[in-house]
Asks: 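Let me begin by handing over the structure; questions about it come next.
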2 protein chains.
Amino acid sequence: MAEQAQFEELARQLSAVGAVKRDMGRILPPDCPAGSAAVLTLLGRHGDMRMSKLAELLAVDMSVTSRHVGHVAARGWIERHPDPADKRSRILRLTPEGLEQLDELSRRTTHLLAERLADWTDEEVGQLIRLMTRLRASFGDCRSAPLRLPAPVVEETTRTPAST
Amino acid sequence: MAEQAQFEELARQLSAVGAVKRDMGRILPPDCPAGSAAVLTLLGRHGDMRMSKLAELLAVDMSVTSRHVGHVAARGWIERHPDPADKRSRILRLTPEGLEQLDELSRRTTHLLAERLADWTDEEVGQLIRLMTRLRASFGDCRSAPLRLPAPVVEETTRTPAST
DNA sequence: TATTGTTATACTCTATAACTATA
DNA sequence: TATAGTTATAGAGTATAACAATA
């Protein structure tokens, strides 16, 4: 088990990594915001799937997924086919144009990372990937398990209260 | 230098880490969204500072910083003192109430991470912190250096390689 | 009655641009 | 003229809730 100071530092790093994400977002092709890029990437990796499956992989609510998918479909990058096994479902599939868009995405992100991480070794990048993957796994499907808050210590603690 | 497949995977992990951040955000105290928490955390760590310095640490535009600071100041968690050396500037300082709020933040995030990362070793957490820190450093202050996009492969590459 | 997916609404975070007040 | 900070506006991402269609 790690120490408290480490946890605080990790929390800080998680908060700050947003800057990196935003930097990545700036190179995305027109009409293809981060949400759309994530949809294309996951469909490219895992193949055709239903909305619910995609929402799970994206780790966002299905309403959010629906919006992203709508954006992507409106541009002809994916198609939504009815699921013969369940008429409520829709099967998502990349179109050839979607594949092209995905290739363009790969080119851009790869190029950016190659530039930014020019002095990283293969092993270092691999290690970061492994740790981030594990981090996500450790949080996993906690979206249902609200977690126990530490007893709300509104009053006396280690620190003297500001007597009002 | 790492391989392309690694860069794509890292991009995916960066995109997906948002789920972890959102999970962390759900435990924040009332009236204290992530932006406010970041302001308090950085002031607690680095001590009093000016807006511009805080904006740099947050790695966001100063207009964004101004909004977050306004929110935090409105709740009495920080004070904005005039800078005697430069009347355009304002020095930010945590109040005792801000310190309490910061303690509560620490408690909650520490508790959550201790729960989620119960099976992580001290060394593993430290490694993730080091790699994320380095990642941020590698991206660094690239907000000014727009970066060269890979030649827009729409038609033939009219312009190639940016020879430094 | 429960589940899949969509839509409406609201909130947070962010950047750009216009503005003020100082330097 | 340039810089520090504020505010207005707009865009992206997300969650909740209400809803439709089907299981």
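Protein chains get the first letters and strands the later ones, always in sequence-line order, with residue 1 at the start of each.
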Asks: Let's go through A:Thr95 and A:Glu97 carefully: what are the C-alpha distance in whole Å and the side-chain angles of both, what is the deciding distance for side chain to side chain donor-acceptor pair (under 3.5 Å) to 0.1 Å, and is it a yes or a no?
Replies: CA-CA 5 Å; A:Thr95 62; A:Glu97 293 76 21; 3.2 Å; yes

Asks: Among all residues two or more places apart in sequence or in another chain, which pass the side chain to side chain donor-acceptor pair (under 3.5 Å) test with A:Ser15?
Replies: A:Arg12

Asks: Check step by step if side chain to side chain donor-acceptor pair (under 3.5 Å) holds for B:Thr133 and A:Gln13.
Replies: CA-CA 7 Å; B:Thr133 302; A:Gln13 292 301 326; 3.2 Å; yes

Asks: By side chain to side chain donor-acceptor pair (under 3.5 Å), which residues pair with B:His46, not counting sequence neighbours?
Replies: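 Here no residue qualifies.
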
Asks: Mind calculating the distance between CE (A:Met24) and P (D:dG13) to the nearest angstrom?
Replies: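 After rounding, the reported distance stands at 14 Å.
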
Asks: Of A:Ser63 and A:Ala85, whose nearest nucleotide on DNA chain D comes first from the 5' end?
Replies: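 Its nearest nucleotide being more 5', the pick is A:Ser63.
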
Asks: Starting at atom CZ of A:Arg26, determine the distance to atom C1' of D:dA12, rounded to an integer number of angstrom.
Replies: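 In whole Å, D:dA12 C1' and A:Arg26 CZ are 13 Å from each other.
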
Asks: Would you indicate, yes or no, if C:dT6 has its OP1 or OP2 atom less than 4.0 angstrom from a side-chain nitrogen or oxygen of A:Arg80?
Replies: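 Checking A:Arg80 against C:dT6: at least one side-chain N or O falls below 4.0 Å of OP1 or OP2.
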
Asks: Can you sort out which residues in residues 64-75 of chain B have a heavy atom within less than 4.0 Å of DNA chain D? Ascending by number, please.
Replies: B:Ser66

Asks: Quickly work out the A:Asp23 CG to C:dT14 C1' distance and round it to whole Å.
Replies: 14 Å

Asks: Could you state the atom-to-atom distance from CG of A:Asp83 to P of D:dA21 in whole Å?
Replies: 19 Å

Asks: Rounded to whole angstroms, how far apart are CG on A:Leu28 and C1' on D:dA12?
Replies: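 Going from A:Leu28 (CG) to D:dA12 (C1'), I get 12 Å.
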
Asks: Sequence neighbours left out, what pairs pass salt bridge (charged side-chain N to carboxylate O under 4.0 Å, His left out) with at least one residue falling in residues 29-48 of chain A?
Replies: A:Asp31-A:Arg75, A:Arg45-B:Glu9, A:Asp48-A:Arg93

Asks: So if I take residues 31-49 of chain B and measure heavy-atom distances to DNA chain D, which residues fall below 4.0 Å?
Replies: none

Asks: Using whole Å, report how far NZ of B:Lys21 lies from P of C:dT12.
Replies: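 Roughly 16 Å, once rounded to whole Å.
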
Asks: Can you list everything that forms a salt bridge (charged side-chain N to carboxylate O under 4.0 Å, His left out) with A:Asp103? Sequence neighbours excluded, please.
Replies: none

Asks: For A:Arg50, what residues pass the side chain to side chain contact (heavy atoms under 4.5 Å, CB included) criterion, not counting sequence neighbours?
Replies: A:Ser52, A:Asp83, A:Asp86, A:Ser89, A:Ile91

Asks: Run the salt bridge (charged side-chain N to carboxylate O under 4.0 Å, His left out) test against B:Arg134 and tell me which residues pass, sequence neighbours left out.
Replies: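 If we apply the salt bridge (charged side-chain N to carboxylate O under 4.0 Å, His left out) test to B:Arg134, skipping adjacent residues, the hits are A:Asp119, A:Glu124.
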
Asks: For B:Asp61 and D:dT9, give me the distance from atom CG to atom C1', rounded to whole Å.
Replies: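 My rounded result for the distance is 14 Å.
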
Asks: Who passes side chain to side chain donor-acceptor pair (under 3.5 Å) against A:Thr41, sequence neighbours left out?
Replies: none

Asks: Would you please name every residue forming a side chain to side chain donor-acceptor pair (under 3.5 Å) with B:Glu79, sequence neighbours left out?
Replies: B:His81

Asks: Kindly write out the residues that satisfy side chain to side chain contact (heavy atoms under 4.5 Å, CB included) with A:Ser36, not counting sequence neighbours, or none if the list is empty.
Replies: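 If we apply the side chain to side chain contact (heavy atoms under 4.5 Å, CB included) test to A:Ser36, skipping adjacent residues, the hits are A:Cys32, A:Pro33, A:His71, A:Val72.
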
Asks: Strictly under 3.5 Å: I want the nitrogen or oxygen pairs between protein and nucleotides 1-4 of chain D, one per line.
Replies:
from	atom 1	to	atom 2	distance (Å)
D:dT3	O2	B:Arg88	NH1	2.5
D:dA4	O3'	B:Ser89	OG	3.0

